[in-house]
Amino acid sequence: MDLKAAVVVVCLCAVLITSTKAGIPKCCISTRKKIPTKLLLRLRTWDTQNSTGACDIHALVLYLKNRKSPVCAHPSMEGRVMDVWRRVRKNQMGSSI
């Protein structure tokens, strides 16, 4: 294989890896046990991070409105996050009618 073909193959592989989640995973490296309610009210969605995969710690990954990077919460915060999530969803449903 000549040099040009090898460069094209390498570039295509790089594009495929970076455009999918097959690249380097983004993991929480620390968690917060206290998150202000005001911040939680901006909750869009959340996900759980398990330590059994590529990441080292269990965490709740919180995605907030008007914030690019997620907030990493301690798993013990799950009950509080669920309460706030229900309140936010209830307010959204009430305002859309």
Side-chain angles (χ1 to χ4, degrees):
M1 190 178 336
D2 67 339
L3 184 60
K4 290 179 185 179
V7 169
V8 169
V9 169
V10 169
C11 289
L12 287 174
C13 289
V15 167
L16 287 174
I17 289 173
T18 57
S19 66
T20 65
K21 291 189 176 186
I24 299 171
K26 295 184 180 184
C27 298
C28 293
I29 55 173
S30 65
T31 59
R32 295 168 56 176
K33 287 189 177 182
K34 295 182 181 181
I35 298 175
T37 304
K38 186 175 182 180
L39 195 63
L40 286 176
L41 289 173
R42 294 180 20 213
L43 186 64
R44 271 189 303 131
T45 188
W46 78 93
D47 197 7
T48 55
Q49 170 183 300
N50 296 316
S51 63
T52 57
C55 303
D56 292 334
I57 62 172
H58 290 295
L60 291 174
V61 185
L62 309 176
Y63 300 95
L64 307 173
K65 295 175 188 169
N66 302 323
R67 187 177 177 126
K68 287 184 180 183
S69 60
V71 174
C72 299
H74 193 273
S76 65
M77 296 269 310
E78 187 170 5
R80 183 165 176 232
V81 168
M82 291 298 292
D83 290 342
V84 171
W85 177 254
R86 283 187 202 104
R87 187 182 337 162
V88 167
R89 297 298 293 167
K90 184 179 177 182
N91 287 342
Q92 287 176 349
M93 298 302 275
S95 65
S96 66
I97 296 176

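Within the 3.5 Å criterion, the main-chain N or O of V61 finds no donor-acceptor partner in the side chain of Q49. In this structure, R32 contributes its side chain and A73 its backbone to no donor-acceptor pair below 3.5 Å.
Rounding to the nearest 0.5 Å places OG1 of T37 at 13.0 Å from CZ of R42. Here the straight-line distance linking atom CD1 of I57 with atom OG1 of T31 works out to 5.0 Å at 0.5 Å rounding. Residue M82 holds its CE atom at 4.0 Å from CH2 of W46, rounded to the nearest 0.5 Å. Atom-to-atom distance recorded for L43:CG and K65:NZ is 8.5 Å, nearest 0.5 angstrom. We find the CG-OG distance between L62 and S69 to be 11.5 Å, quoted to the nearest 0.5 Å.
Residues R80 and D83 are not paired through a salt bridge, judged by the lack of any N-O separation under 4.0 Å between the basic side chain and the carboxylate.
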> Where do H74 and L60 land on the side chain to side chain contact (heavy atoms under 4.5 Å, CB included) test, with the steps shown first?
Replying inline: CA-CA 6 Å; H74 193 273; L60 291 174; over 6 Å; no
> Between N50 and H58, is a side chain to side chain contact (heavy atoms under 4.5 Å, CB included) present by the stated rule, with each step listed?
Replying inline: CA-CA 5 Å; N50 296 316; H58 290 295; 3.8 Å; yes
>> Determine whether D56 and I29 satisfy the following criterion, side chain to side chain contact (heavy atoms under 4.5 Å, CB included), listing intermediate values before the conclusion.
In response: CA-CA 7 Å; D56 292 334; I29 55 173; over 6 Å; no
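The sulfur atoms (SG) of C28 and C55 lie 2.5 Å or more from each other.
In plain terms, the two heavy atoms of V84 and L40 that are nearest each other are CG1-O, 3.3 Å. The minimum heavy-atom distance between Y63 and D47, with the atom names listed, is CE1-CB, 4.3 Å.
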